[in-house]
S.K.: 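Have a look at the structure that comes next, please.
Residue numbering restarts at 1 for every chain, and letters A, B, ... go by the order of the sequence lines.
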There are 2 protein chains.
Amino acid sequence: MFSIGDLSRHTGVKVPTIRYYEQVGLIEADERTEGNQRRYSRAGLERLGFIRHARDLGLSLDAIRALVALDPADHATTHAIAREHLADIRDRMGRLARLEAELKRIMAACDGSHDHECNILEAFADHGQCAHEH
Amino acid sequence: MFSIGDLSRHTGVKVPTIRYYEQVGLIEADERTEGNQRRYSRAGLERLGFIRHARDLGLSLDAIRALVALDPADHATTHAIAREHLADIRDRMGRLARLEAELKRIMAACDGSHDHECNILEAFADHGQCAHEH
DNA sequence: GTAATTCCTCTAGCGACTAGAGGTTCAAGG
DNA sequence: CCTTGAACCTCTAGTCGCTAGAGGAATTAC
């Protein structure tokens, strides 16, 4: 049996976060001691490891909830969740790339001379110069 | 003079969001009508446009606050903020790229057959298989 | 003059935690 | 057995950037 601190050390998830996960119904302590402290089995430890890893991959707690509730033989749904997340990641990468391009353009707009207002500020304000749609 | 709705239509920032920006000290109405409704000048409209654009670029309200409080001649600080944000964007892109690579690896781990547990679930749980550091 | 629309303030909620107060239990050493 | 100190407990509130809704007042168009 592991204490909440043991779980934290093993998985790298902070103690208050573990309690938060319990609160939102992602994990449960297998037992409590006489004095009301949480005790976890190895399965509990592994479940938290799974959650940690999925979080690191950027999955929402909702998506993780769906994943842990899944029938392990349900390949279709598992794939669907993973595919959806992959699409989401690609979407975010695309948007970041556009942001990067525009920020570079904006920064190039300032020649660094000191006798006028900085074009960066102007460029930030000027929607019309902007290449991508808002 | 523009009403809050006019500002919203011109900038694409929703009305409650404009009020929120006022609450956190980013903008102010130039006047109020007899009946307590906000009225904005053209300068107010432009300020909101600036904020909108900066938000679209992913800057935090804190960063925007710093930007609008800036001396327009202060090129150094303006550049510093923009550079910092650019670095942040690149950092996020890098992390997303690693996530993408690992998700693809995980998805490849499942051959799609129906007579065992899905390797995707196992791969999610198995920290050891994971290429990048958590 | 009335009806539709817009506006007002205020409070509470979202996700995923984090921080702190104030108190209790556990494990180890003497 | 007893004390100490670390780890634990619950509870509340704060973070960011909004968004939603209640309940009511002002403005605008016809």
S.K.: With a cut-off of less than 4.0 Å, is there a side-chain N or O of A:Arg39 near OP1 or OP2 of C:dT25?
M.R.: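 No, outside the criterion.
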S.K.: Which pair of non-hydrogen atoms, one from B:Ile89 and one from A:Leu96, has the smallest distance, and what is that distance?
M.R.: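 Distance-wise, the nearest heavy atoms are CG2-O, 3.7 Å.
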S.K.: Looking at B:Thr33, does any N or O in its side chain come under 4.0 Å of the phosphate oxygens OP1/OP2 on C:dC7?
M.R.: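 The answer is no; no side-chain N or O of B:Thr33 sits under 4.0 Å from OP1 or OP2.
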S.K.: Assuming nearest nucleotide by heavy-atom distance, tell me which of B:Gln37 and B:Leu59 is located more 5' along DNA chain D.
M.R.: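 The residue closer to the strand's 5' end, by nearest nucleotide, is B:Leu59.
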S.K.: For B:Glu84, look at atom CD and say whether over 12 heavy atoms of other residues, nucleotides or ligands are found less than 6.0 Å away.
M.R.: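 Atom CD in B:Glu84 is not crowded, with 12 or fewer foreign heavy atoms closer than 6.0 Å.
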S.K.: Using the closest heavy atom to pick a nucleotide of DNA chain D for each, name whichever of B:Thr17 or A:Asp6 lands nearer the 5' end.
M.R.: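 By nearest-heavy-atom nucleotide position, the 5'-most residue is A:Asp6.
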S.K.: Supply the atom-to-atom distance B:Arg98 CZ to A:Asp56 CG, rounded to the nearest 0.5 angstrom.
M.R.: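 Rounded to the nearest 0.5 Å, the CZ-CG separation comes out at 11.0 Å.
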S.K.: Using whole Å, what does the distance between atom P of nucleotide C:dC17 and atom CD1 of A:Ile27 come to?
M.R.: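 One finds 11 Å between P of C:dC17 and CD1 of A:Ile27, rounded.
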S.K.: Taking B:Asp30 for its side chain and B:Tyr40 for its backbone only, find out whether a donor-acceptor pair lies under 3.5 Å.
M.R.: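 Not at all, since once roles are kept as given, no pair shorter than 3.5 Å links the two residues.
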S.K.: Rounding to a whole Å, what distance do you find between A:Arg38:CZ and C:dT24:C1'?
M.R.: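 Rounded to whole Å, this separation is 14 Å.
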S.K.: Just the endpoints, please: which first and last nucleotides of DNA chain D, 5' to 3', lie under 4.0 Å from a heavy atom of chain A?
M.R.: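 Answer, 5' to 3': D:dC8 to D:dT10.
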S.K.: Closest nucleotide of DNA chain C for A:Asn36 versus for B:Gly5: which of these residues is on the 5' side?
M.R.: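 Looking at the nearest nucleotide for each, B:Gly5 comes out on the 5' side.
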S.K.: Under 4.0 Å from OP1 or OP2 of C:dT9: is there any side-chain N or O of B:Arg19 that close?
M.R.: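 Negative; the distance criterion is not met.
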S.K.: Just to be sure I understand the geometry, which residues of residues 9-16 of chain A put a non-hydrogen atom under 4.0 Å away from DNA chain C?
M.R.: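 Per residue number, the list reads A:Lys14.
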S.K.: According to a strict under-4.0 Å criterion, is A:Tyr21 in side-chain N/O contact with OP1 or OP2 of C:dA16?
M.R.: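 Looking at the OP1 and OP2 atoms of C:dA16, neither is under 4.0 Å from any side-chain N or O of A:Tyr21.
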S.K.: With rounding to the nearest 0.5 Å, note down the distance linking OG in B:Ser60 to CZ in B:Arg55.
M.R.: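 Between atom OG of B:Ser60 and atom CZ of B:Arg55 there are 7.5 Å.
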S.K.: Given 3.5 Å as the limit, does a donor-acceptor pair link the side chain of A:Arg42 with the main chain of A:Glu46, or not?
M.R.: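 No.
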S.K.: Between C:dT11 atom P and B:Gln23 atom CD, what is the distance in whole Å?
M.R.: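 Spelled out: CD on B:Gln23 to P on C:dT11 is 11 Å.
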S.K.: Start with the C-alpha gap between B:Arg92 and A:Met93, add the side-chain angles, then the distance that decides, and say whether side chain to side chain contact (heavy atoms under 4.5 Å, CB included) holds.
M.R.: CA-CA 8 Å; B:Arg92 280 192 277 164; A:Met93 280 178 66; over 6 Å; no
S.K.: Between C:dA16 atom P and A:Arg65 atom CZ, what is the distance in whole Å?
M.R.: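 For the pair A:Arg65 CZ and C:dA16 P, the rounded distance is 9 Å.
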S.K.: For C:dT6, does OP1 or OP2 lie under 4.0 Å from any side-chain N or O of B:Ser3?
M.R.: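 Negative; the distance criterion is not met.
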S.K.: Can you measure B:Tyr20 atom OH to C:dG13 atom P for me and round it to whole angstrom units?
M.R.: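 Distance check: B:Tyr20 OH to C:dG13 P gives 17 Å.
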S.K.: What donor-acceptor contacts under 3.5 angstrom involve side-chain atoms of residues 8-15 of chain B, with partners at least two apart or in another chain?
M.R.:
from: B:Ser8; atom 1: OG; to: B:Val13; atom 2: O; distance (Å): 2.7
from: B:Arg9; atom 1: NH2; to: B:Asp6; atom 2: OD1; distance (Å): 2.9
from: B:His10; atom 1: ND1; to: B:Asp6; atom 2: O; distance (Å): 3.0
from: B:Thr11; atom 1: OG1; to: B:Leu7; atom 2: O; distance (Å): 2.8
from: B:Thr11; atom 1: OG1; to: B:Val13; atom 2: N; distance (Å): 3.1

S.K.: Quick one: label A:Arg55 by what it contacts on the DNA or RNA (base, sugar-phosphate, nothing), any heavy atom closer than 4.0 Å.
M.R.: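 The residue A:Arg55 makes sugar-phosphate contact but no base contact.
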S.K.: Under 3.5 Å, side chain of B:Arg47 to main-chain N/O of B:Leu26, donor-acceptor pair present?
M.R.: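 A pair under 3.5 Å: yes.
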